[in-house]
Each structure stands twice: as C-alpha cells, then as structure tokens.
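Written below as structure tokens is the structure these notes are about.
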Amino acid sequence: MKFSNQLTVWYLHNKRDLPWRATKNPYYIWLSEIILQQTRVDQGMAYYFKFVEQFPSIFDLAAASEETVLKLWQGLGYYSRARNLHFSAKYVVNELQGEFPSKYKELLNLKGVGDYTASAIASICFNEPTAVVDGNVYRVLSRYFGIDTPINSSNGIKEFKQLAQALINTKIPGTHNQAVMEFGATVCKPQNADCNNCPLNNSCVALSKSIIKTLPVKEKKLKIRKRYFNYLVIKTKNKTTQLVKREKGIWLNMYQFPLVETDKPINQQELIEHSTFNELVDFNTVTIKLHTKSVKPHKLSHQHIYTKFWIIETPNSLKFRHSWSDIKKYPVPVLIDNFLNEFNYN
DNA sequence: GAAGCGTGGCG
DNA sequence: TCGCCAAGCTT
C-alpha cells in the first residue's frame with residue numbers, strides 16, 4: 001500500500017492538467033485512451049480536441065463515414081485505431097442503444113480495446129479495480145522492484161500484470177492507475193530518469209543497485225523491411241488525376257496514387273515496362289518526369305519505404321476522374337501528404 | 001507467439 | 001545520424 005499511497009499523493013500534487021482528466025464520461029475517456037495508444041500526449045492532444053469538437057457524442061461519431069473519421073485521424077498513425085473506433089461507436093449505438101459498456105469484461109468486446117484500455121476505462125469511469133499495464137507501468141515496476149524479466153515475453157506480461165493488480169488501491173483504482181502512468185511519463189522516464197526528485201527514491205531497488213539504465217529489459221527487436229514505391233502521379237489538361245484506395249496492409253482504406261512496388265530501386269525504363277504502368281497509360285503518348293530529387297526513406301517502426309514520385313502527363317483526360325482541387329478531402333498517409341504539400345500541380 | 005501496424009521526439 | 005520509444009491491439 002505504501003507504493004500506491006506515495007505515488008497517489010505525488011500524483012495529486014504533480015499531475016498535468018489534461019483535458020480528459022476533467023471528465024469521467026466513458027466516451028471521452030475511451031476516445032482519449034485510443035488516441036494515446038503508442039502515442040505521446042503532445043502528439044495526440046490536438047486530435048483529441050478535433051474529435052471532441054466534430055463528434056461531441058458517440059452518436060455523432062457513429063453517424064460519420066469511415067472516410068471522414070480517417071481524414072480526421074490523418075497524420076496520427078496506426079490507422080486501425082480510427083477504423084476500430086468508428087466500428088465500435090456504431091456497435092455501441094446500434095447494438096447497445098448508445099449505452100457505453102461499464103465493465104472490464106464487456107469493454108474487451110469493443111474492437112480496438114484490449115487489456116490496457118479496458119482496465120483504464122473500467123477503473124477511471126466505473127471504479128472497477130483493474131490494473132493498467134502500459135509502457136510506463138512496465139518501466140516503473142521493473143525499476144522499483146528490480147525485475148529483469150523481459151517485458152515483452154509471455155512470462156513478463158503475466159508477471160507484471162499480476163504485480164500491478166496486487167498493488168492497486170481498490171478504493172481509488174482510477175487515480176492509482178493514472179498516478180503510476182503519470183509518474184512513469186514525467187519522472188521515471190525511459191531516458192534521464194529524474195531520480196533526484198523521485199518520491200520513491202529511498203525504496204527503489206534499481207536505484208539502490210544503480211541499474212536504472214538497464215531496466216526494463218526488452219527482448220530483441222524486429223528487423224526493418226525495405227520497400228521501394230513508385231507513385232504514378234497522373235496529370236491532365238483538365239487538372240485531374242488518379243487516386244486509388246489501399247486495400248491491404250499498411251494505410252488500409254486510405255488513398256494514394258497508382259503504385260508500382262518493387263523489391264529494388266528502378267529507373268524510368270524499368271517503370272514503363274511494368275504492367276501497372278501500361279494498364280494506366282500508353283507510354284507512347286505521355287511525358288514522364290521524375291519529381292523526386294533524392295530518395296529519402298519514409299521510416300515506419302517496422303519498414304523503410306523508399307519512394308519516387310513520377311509525374312505522368314497524359315493527353316487523355318477522360319479516364320482520370322479525381323479533380324486535383326478535391327484531393328485534400330481524401331485521407332492519405334503522411335508520405336503522400338508531404339508530397340502534396342511540396343508539389344506544384346500547375 | 002510472432003508479426004504487422006505510423007509518426008514524431010529525443011539524446 | 002540513428003536507434004529507441006510512446007497511456008497497445010489484432011491476427
């Protein structure tokens with residue numbers, strides 16, 4: 001209980017003033033938790049305000065199109081969160097008469113809500129004593145108790161969940177959970193932990209052993225896949241172009257230009273020999289310019305994408321129906337958005 | 001159980 | 001520069 005009490009007292013004096021801390025409305029807490037998955041507060045804040053403004057209630061969110069939701073989510077990444085958020089809003093409205101689930105077990109039925117998020121909503125909104133275990137909690141517990149079990153191993157996941165659950169203050173589970181996370185985010189940070197100003201620095205195992213920097217332990221990392229994208233940016237006299245919707249993998253249901261993907265960099269000659277190119281235009285009638293001056297990788301957490309944008313001017317206007325002036329209405333990945341911002345169509 | 005899924009900040 | 005990491009979830 002000492003652990004919880006000390007952190008809770010610290011939290012009540014030091015917590016940041018965040019907008020979602022002014023409410024216990026499960027819709028807003030849910031929204032904030034989804035936005036903050038694998039995302040820093042500074043990055044997610046603007047999106048929280050946008051969503052609350054555009055969708056004040058879960059009914060507003062459920063009534064929107066997926067494309068609208070993806071467009072509002074554009075730039076935040078991990079777009080399955082937006083698709084699942086929208087799907088679950090429709091589920092709550094249509095199947096649960098708009099009544100948000102109030103129990104941990106029921107919350108798990110929502111797409112995009114896993115153990116962490118269900119615990120967070122249940123404890124914060126409904127006072128259910130379910131412990132959250134996010135990246136902060138792993139770090140705080142592994143250091144304070146000196147546990148070197150890898151946090152991404154199946155044993156580690158079980159061990160830390162059990163420990164977190166044993167430590168929870170059942171009287172104020174929501175405050176307790178937020179206290180541990182806030183402490184991890186602002187004091188017991190991944191780098192440069194502020195042990196001098198830590199309320200637990202007289203009882204922290206890792207500090208007493210000077211092994212703060214070695215904890216938490218994480219097992220190996222994935223290897224980065226390299227991909228080579230060639231986008232075909234159609235340009236017509238009528239200021240139209242061609243967009244296509246992605247149908248699998250990364251950026252699902254978002255828009256991009258027709259894509260030629262290869263496993264090595266290619267030049268113009270290899271491009272015009274590609275079937276995708278020839279299905280789109282007749283190389284005898286078009287002019288091709290490579291827009292990209294130097295290819296810099298778009299770095300995702302799990303792949304590096306090397307992209308060339310090819311500008312294809314064609315006399316055939318009728319086939320390409322997307323007006324360039326409408327292009328900003330479509331949800332697109334940052335890779336495409338960056339291109340749109342630097343490219344002058346005229 | 002491992003892999004796939006974004007973007008941006010930081011040292 | 002580059003690797004690490006962020007209030008994780010799904011398949």
Side chains of [X] and [Y], donor plus acceptor under 3.5 Å:
{"X": "A:Tyr47", "Y": "A:Thr39", "answer": "no"}
{"X": "A:Asp60", "Y": "A:Gln54", "answer": "no"}
{"X": "A:Tyr255", "Y": "A:Glu67", "answer": "yes"}
{"X": "A:Lys2", "Y": "A:Ser4", "answer": "no"}
{"X": "A:Asn177", "Y": "A:Ser123", "answer": "yes"}
{"X": "A:Gln37", "Y": "A:Tyr116", "answer": "no"}
{"X": "A:Glu33", "Y": "A:Thr117", "answer": "no"}

Would you give me the side-chain donor-acceptor pairs under 3.5 Å for residues 91-105 of chain A, sequence neighbours excluded?
{"from": "A:Asn94", "atom 1": "ND2", "to": "A:Lys90", "atom 2": "O", "distance (Å)": "3.1"}
{"from": "A:Tyr104", "atom 1": "OH", "to": "A:Asp115", "atom 2": "OD1", "distance (Å)": "2.4"}

Between A:Ile211 and A:Tyr144, is there a shared hydrophobic cluster once you connect ILVMFWY residues whose side-chain heavy atoms come closer than 4.5 Å? no
Cluster question for you: counting only ILVMFWY and a side-chain heavy-atom cut-off of under 4.5 Å, with indirect links fine, are A:Val113 and A:Val133 together? no
Quick one: label [X] by what it contacts on the DNA or RNA (base, sugar-phosphate, nothing), any heavy atom closer than 4.0 Å.
{"X": "A:Leu18", "value": "base"}
{"X": "A:Trp73", "value": "nothing"}
{"X": "A:Leu76", "value": "base"}

In whole Å, what is the span from the [atom1] atom of [X] to the [atom2] atom of [N]?
{"X": "A:Tyr48", "N": "C:dA7", "atom1": "OH", "atom2": "P", "result": "18 Å"}
{"X": "A:Gln256", "N": "B:dG6", "atom1": "CD", "atom2": "P", "result": "12 Å"}
{"X": "A:Arg16", "N": "C:dA6", "atom1": "CZ", "atom2": "C1'", "result": "11 Å"}
{"X": "A:Lys296", "N": "B:dT7", "atom1": "NZ", "atom2": "P", "result": "18 Å"}
{"X": "A:Ile35", "N": "C:dA6", "atom1": "CD1", "atom2": "P", "result": "19 Å"}
{"X": "A:Glu219", "N": "C:dC5", "atom1": "CD", "atom2": "P", "result": "14 Å"}
{"X": "A:Asp115", "N": "C:dT10", "atom1": "CG", "atom2": "P", "result": "11 Å"}
{"X": "A:Tyr138", "N": "C:dA6", "atom1": "OH", "atom2": "P", "result": "11 Å"}

So which of residues 39-46 of chain A are in contact with DNA chain B, with a heavy-atom cut-off of under 4.0 Å? A:Thr39, A:Arg40, A:Gln43
For DNA chain B, find the residues of residues 242-251 of chain A with a heavy-atom distance under 4.0 Å and give them by number; none if there aren't any. A:Gly249, A:Ile250, A:Trp251
Toward the 5' end of DNA chain C, by each residue's nearest nucleotide, A:Lys299 or A:Leu110: A:Lys299
Heavy-atom nearest nucleotide on DNA chain C for A:Leu108 versus A:Ser32: which residue maps closer to 5'? A:Ser32
Hey, does the side chain of A:Arg227 reach the backbone of A:Ile305 with a donor-acceptor pair shorter than 3.5 angstrom? no
Could you check whether any side-chain N or O of A:Lys50 sits under 3.5 Å from a backbone N or O of A:Leu72, counting only pairs where one atom can act as donor and the other as acceptor? yes
Rounded P spacing from C:dA7 to B:dA2 in Å: 24 Å
Does a side-chain N or O from A:His302 land closer than 4.0 Å to OP1 or OP2 of B:dA3, or not? no
Is A:Gln37 close enough to C:dG8 that one of its side-chain N or O atoms is under 4.0 Å from OP1 or OP2 there? no
Could you identify which residues of residues 78-95 of chain A place a heavy atom less than 4.0 Å from some atom of DNA chain C, listed by residue number, or say none? none
Mind listing the residues from residues 116-132 of chain A sitting with a heavy atom below 4.0 Å of DNA chain C? Number order is fine. A:Tyr116, A:Thr117
Comparing A:Leu252 and A:Ser154 on DNA chain B - which has the more 5′ nearest nucleotide: A:Ser154
For A:Asp194, give me all partners under salt bridge (Lys or Arg N to Asp or Glu O under 4.0 Å), at least two apart in sequence or on another chain. none
Any side-chain heavy-atom pair of A:Val132 and A:Met181 under 4.5 Å: yes
How are the rings of A:Phe145 and A:Phe3 set relative to one another: parallel (under 30°), tilted (30 to 60°) or perpendicular (over 60°)? tilted
